[in-house]
Enquirer: 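Mind looking over this structure? Questions follow.
To find a chain, count down the sequence lines: A is the first, B the second, and so on, and within it residues start at 1.
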Amino acid sequence: MSGFSEDMPFFDEPNARPAAAPSGIAARAMAARSGQNGAPDYLKGLNPEQRLAVETTEGPVLVLAGAGTGKTRVLTTRIAHILATGRAFPSQILAVTFTNKAAREMKQRIGHLIGEGNVEGMPWLGTFHSIGVKLLRRHAELAGLKSDFTILDTDDVVRLIKQLIQAEGLDDKRWPAKTFAQMLDNWKNKGLGPDEIPEGDARSFGNGKGRQLYKAYQERLQTLNSCDFGDLLYHPIRIFRAYPDVLKEYHRKFKYILVDEYQDTNTAQYMWLRLLAQRPHAGRSASSDSAEGRKPDRASEPLRGPRGGPAPAGAEQPVSVNICCVGDDDQSIYGWRGAEVDNILRFDKDFPGATIIRLERNYRSTAHILGAASHLIAHNEGRFGKTLFTDRDDPEDDKVHVHAAWDSEEEARAIGDAIEAYQRQKHNLNDMAILVRASFQMRAFEDRFITLGLNYRVIGGPRFYERLEIRDALAFFRVVANSGDDLAFERIVNTPKRGLGEATIRQIHDTARAMRVPMLEAAATLAESDELKPKPRAALREVAANFERWQKALETTPHTELAETILEESGYTDMWKNDRSADSPGRLENLKELIRSMEEYESLRSFLEHVALVMDAEQNAEQDAVSIMTLHSAKGLEFETVFLPGWEEGLFPHQRALDEGGRSGLEEERRLAYVGLTRAKKNLHIWFVSNRLIHGLWQSTIPSRFLDELPETHVDVADGGNSYGGYGNPYGGGAFASGRGGGRQNPYGASRFDNVGAKDQGSFSNTYATPGWQRAQANRTEATDRNWGTRSGHQVERIGYGETDSGYGAGRTSVKGRTIEGELVAKSVADTPSAFNVGDRVFHQKFGNGNIAAIDGNKLTIDFDKAGQKRVLDGFVAPV
DNA sequence: CGCTCCGCTGTTTTT
DNA sequence: CAGCGGAGCG
């Protein structure tokens with residue numbers, strides 16, 4: 001496949017030193033050096049720490065780069081510096097990132113520094129995975145593959161595993177393929193082969209057949225000439241270990257290694273890096289080849305080879321460990337998918353004598369924002385500890401605002417208003433973002449913004465290449481490009497429907513296995529035999545003929561044209577044209593877009609490789625729009641104005657993180673909060689609500705503990721307009737929630753924004769000052785810590801946010817019928833779980849009075865006098 | 001073989 | 001409440 005073709009010849013360059021540097025770069029370097037005091041232009045404007053990070057080219061270097069301290073700049077300048085000073089050729093630099101976006105940005109920025117042309121010669125700048133593919137294509141045969149192997153996506157993997165589970169005679173619903181796929185992924189993330197996985201893991205799946213399944217899976221991949229994402233790292237690691245000569249070639253090759261976002265590396269990536277960064281002969285010691293132990297093992301295993309000393313006798317060319325890792329332990333938010341913060345914390349032990357450089361001067365945010373973020377993150381243990389600072393000292397700068405809202409609808413409304421207020425002050429929507437913890441929160445904002453006619457953009461929604469129609473289309477292309485791609489073939493034999501059901505497919509499958517040929521070929525054979533009934537036979541014959549024709553056309557027809565033909569002739573386009581569902585026009589549009597995007601690639605094959613590795617399609621960032629995205633996808637971005645809604649216990653920190661991750665789970669949530677805070681340059685607004693609709697039920701919530709961890713000096717607690725006063729009063733004049741929010745007049749004047757923080761209509765202007773809130777804080781330590789985090793609730797199916805049976809109520813009427821609006825009332829609900837009967841008259845804080853219409857466990861359906869019928873948990877209503 | 005209905009399960013996401 | 005997957009029926 002391609003990706004290969006554009007490769008440069010491999011060991012082409014001499015192991016030469018600067019003098020032999022290509023003239024282009026040398027010339028550039030000369031020019032660059034022309035500044036006064038001898039410093040090249042590209043070094044200008046760097047602060048001393050940044051400059052040190054750039055110029056310390058030799059030996060291991062860890063750059064601890066706090067948020068907004070110019071991390072990418074350091075990385076790119078460092079590469080430019082290495083190139084410009086002739087320390088290495090572009091092809092001798094290995095630069096790894098996690099995302100394609102980061103790789104793209106790096107390429108671009110290096111290009112700006114040293115000229116576009118020079119970057120093209122950097123074939124080893126890319127994601128871990130793309131570099132992994134490259135290595136694997138070169139040495140495929142050492143992993144039992146051919147160099148044109150296919151990369152399977154998760155969808156394929158799950159289907160394949162399902163087949164294997166069934167083949168083992170296991171019940172595939174008792175042992176879901178998806179679960180096993182995740183286990184596999186975890187193992188591979190740790191660099192564990194079938195024989196190295198923990199016994200317990202192996203036993204826990206499929207009646208103890210975990211290991212067996214793993215083996216079967218790898219074998220199957222091999223016969224399919226395929227590999228999964230994990231293999232892209234895992235195979236190279238194996239190859240490096242088993243073939244020291246191969247590894248040695250790369251040692252010779254890569255003079256400088258750079259790693260971005262080091263805090264996100266998982267164990268496999270760590271091993272991969274270490275193998276490459278270690279000195280030549282140290283690659284395969286007995287210990288590193290055996291079943292890989294846990295962290296302590298590796299951590300204590302010293303790097304081999306004399307540091308700075310003479311090369312060991314016999315070693316040809318000593319390769320120094322010029323590895324530079326850049327990262328921020330405080331921004332490690334991917335622990336749940338295998339990232340090991342430990343990797344970064346352990347750096348100086350892994351690479352003795354490492355230079356550690358801290359970048360703490362922040363160029364992004366105001367002092368208030370920085371102060372808030374630093375104070376919050378200081379609550380974490382086990383960090384390197386950095387203190388971000390800024391010279392910025394503008395009394396005009398706003399403090400960080402904390403707002404309260406009655407419920408998520410009001411939260412969306414208020415944020416919408418705030419955005420419009422900023423807009424009136426000539427702020428661009430592009431400079432504003434709403435960062436949520438969980439994607440279900442986005443909906444409220446979308447709804448609101450649609451009614452307002454406010455442009456918004458959701459980042460990180462369903463990916464282009466993951467859509468059904470795109471995957472189908474790609475499956476056709478894959479079979480054409482590689483007739484051995486059985487998984488793709490299976491996906492589309494019967495698409496559009498041509499009466500080829502499970503039975504026929506099984507038969508094709510069996511024939512293929514028996515004949516040891518791809519399914520397509522087996523299908524062709526079957527179609528000519530009389531083993532099938534006429535109908536499937538005809539269908540199959542057509543399919544086979546189609547593919548044969550398309551495969552021939554592959555050599556002669558331009559690939560975009562061919563792609564179109566395939567979709568037409570297969571009937572796929574017609575299938576959607578005849579589909580009358582609402583989304584079919586969109587799907588057709590997507591198919592067109594797919595074809596359009598193919599134009600940039602030389603061939604069908606190179607396009608397919610791109611798709612396998614780069615699952616994202618460019619977003620059109622043209623028009624002015626507010627961004628809505630998760631905190632996770634916001635990492636690395638910055639905005640003038642940031643809104644952080646949903647700071648409530650259970651949502652943020654997320655209950656599940658707490659349940660499953662314990663203390664470290666909480667710390668990761670806190671880092672996530674830190675990431676959120678540090679995205680803001682000037683304006684930062686945090687929100688929490690008292691009531692949230694979760695899984696269709698209204699639940700009370702209490703403010704996030706993270707709010708307590710913000711320093712008062714940098715925070716301004718505003719009422720969100722009127723959350724706890726004014727119109728929010730459910731008893732007032734019946735102005736309370738009518739559900740859809742319609743009919744309520746906008747409580748904010750045109751200058752609503754001016755009112756933030758101002759005294760309000762005599763209610764709770766400062767939520768923190770509320771006696772109830774303070775009491776809640778006091779209680780929380782016991783109540784929360786004891787009750788949150790366990791799922792032992794008896795009556796309660798789901799402990800959502802807020803209280804259930806855990807004896808903790810927020811913002812609700814007290815049991816005695818006394819109401820303290822907006823107050824958090826500790827209570828004990830442990831008594832009588834559902835002491836209600838149909839027909840009972842009850843009171844609910846949000847909806848007022850009503851009658852119980854139905855009872856389902858602890859869920860009540862209530863006909864409210866004013867709010868209509870709602871479903872609520874019994875804990876939230878009191879008898880009248 | 002394909003369609004419909006029921007029931008279950010609800011973070012975060014890259015490659 | 002909503003989206004998905006499995007079971008079961010025509």
Enquirer: State yes or no: are the ring centers of A:His654 and A:Trp336 separated by less than 6.0 Å?
Expert: no

Enquirer: For the pair made of CG in A:Leu468 and C1' in C:dG5, what is the distance, rounded to whole Å?
Expert: 15 Å

Enquirer: Just the rounded figure in Å: distance from P of B:dT12 to CG of A:Asn266.
Expert: 21 Å

Enquirer: By nearest heavy atom, map A:Glu466 and A:Leu672 onto DNA chain B; which one lands nearer the 5' end?
Expert: A:Leu672

Enquirer: When you check the phosphate oxygens OP1 and OP2 of B:dT13, does a side-chain N or O of A:Thr630 lie under 4.0 Å from one of them?
Expert: yes

Enquirer: Under 4.0 Å between a side-chain nitrogen and a carboxylate oxygen: does that hold for A:Lys71 and A:Asp260?
Expert: yes

Enquirer: Is the distance from OP1 or OP2 of B:dT14 to the nearest side-chain N or O of A:Asn100 less than 4.0 Å?
Expert: no

Enquirer: Does A:Arg498 CZ have over 12 foreign heavy atoms under 6.0 Å away?
Expert: yes

Enquirer: Just the table, please: protein N/O against nucleotides 1-3 of chain B N/O, every pair under 3.5 Å.
Expert:
residue: B:dC1; atom: OP1; partner: A:Gly501; partner atom: N; Å: 2.2
residue: B:dC1; atom: OP1; partner: A:Gly501; partner atom: O; Å: 3.3
residue: B:dC1; atom: OP1; partner: A:Thr504; partner atom: OG1; Å: 3.2
residue: B:dC1; atom: OP2; partner: A:Glu502; partner atom: N; Å: 3.0
residue: B:dC1; atom: OP2; partner: A:Ala503; partner atom: N; Å: 2.9

Enquirer: Would you say A:Ser439 places a side-chain N or O within less than 4.0 Å of OP1 or OP2 belonging to B:dT12?
Expert: yes

Enquirer: Heavy atoms only, 4.0 Å cut-off, all strands: where does A:Phe229 land among base, sugar-phosphate and nothing?
Expert: base

Enquirer: To the side chain of A:Ser633, which of B:dT11, B:dT13, B:dT15 is closest?
Expert: B:dT13

Enquirer: Between A:Arg491 and A:Asp155, does any NZ, NE, NH1 or NH2 come within less than 4.0 Å of an OD or OE carboxylate oxygen?
Expert: yes

Enquirer: Would you kindly give the CZ-to-C1' distance between A:Arg104 and B:dT15, to the nearest whole Å?
Expert: 13 Å

Enquirer: Which nucleotide in the list B:dT12, B:dT13, B:dT15 gets nearest to the side chain of A:Thr127?
Expert: B:dT15

Enquirer: Detail all sub-3.5 Å separations between protein N/O atoms and N/O atoms belonging to nucleotides 6-10 of chain C.
Expert:
residue: C:dA7; atom: OP1; partner: A:Lys173; partner atom: NZ; Å: 2.8

Enquirer: Could you walk me through whether A:Gln263 and A:Glu261 pass the side chain to side chain donor-acceptor pair (under 3.5 Å) check?
Expert: CA-CA 5 Å; A:Gln263 79 282 353; A:Glu261 305 278 19; 2.7 Å; yes

Enquirer: Would you mind reading off the distance between A:Lys635 atom NZ and B:dT13 atom P, rounded to a whole angstrom?
Expert: 13 Å

Enquirer: Would you say A:Gln699 and A:Glu648 are linked by a side-chain donor-acceptor pair, where the criterion is simply a distance under 3.5 Å?
Expert: no

Enquirer: A:Glu660 CD to B:dG10 P: how many Å, rounded?
Expert: 10 Å

Enquirer: So do the side chains of A:Ser597 and A:Tyr465 get within less than 4.5 Å of each other, counting heavy atoms only?
Expert: yes

Enquirer: Would you please say whether a donor-acceptor pair under 3.5 Å links the side chains of A:Asp228 and A:Tyr217?
Expert: yes

Enquirer: Does A:Trp336 stack onto the base of B:dT12, taking stacking as ring centres under 5.5 Å apart and planes under 30° apart?
Expert: yes

Enquirer: For a quick check of understanding: with a heavy-atom distance under 4.0 Å over all strands, which category does A:Glu669 fall into, base, sugar-phosphate or nothing?
Expert: base

Enquirer: Write down the distance between CE (A:Met442) and P (C:dC1), rounded to a whole number of angstrom.
Expert: 23 Å

Enquirer: With sequence neighbours excluded, tell me which residues meet ring pair (Phe, Tyr, Trp, His ring centres under 6.0 Å) with A:Tyr601.
Expert: A:Phe607, A:His610

Enquirer: Grab the CG-C1' distance between A:Leu232 and B:dT15 for me, whole Å please.
Expert: 8 Å

Enquirer: I'd like to know if A:Glu668 and A:Arg671 make a salt bridge, using a cut-off of under 4.0 Å between side-chain N and carboxylate O.
Expert: yes

Enquirer: Determine if A:His632 stacks with B:dT12; use a centre-to-centre distance below 5.5 Å and an interplanar angle below 30° as the criteria.
Expert: no

Enquirer: Rounding to an integer number of Å, can you tell me how far A:Arg656 CZ sits from B:dG10 C1'?
Expert: 8 Å

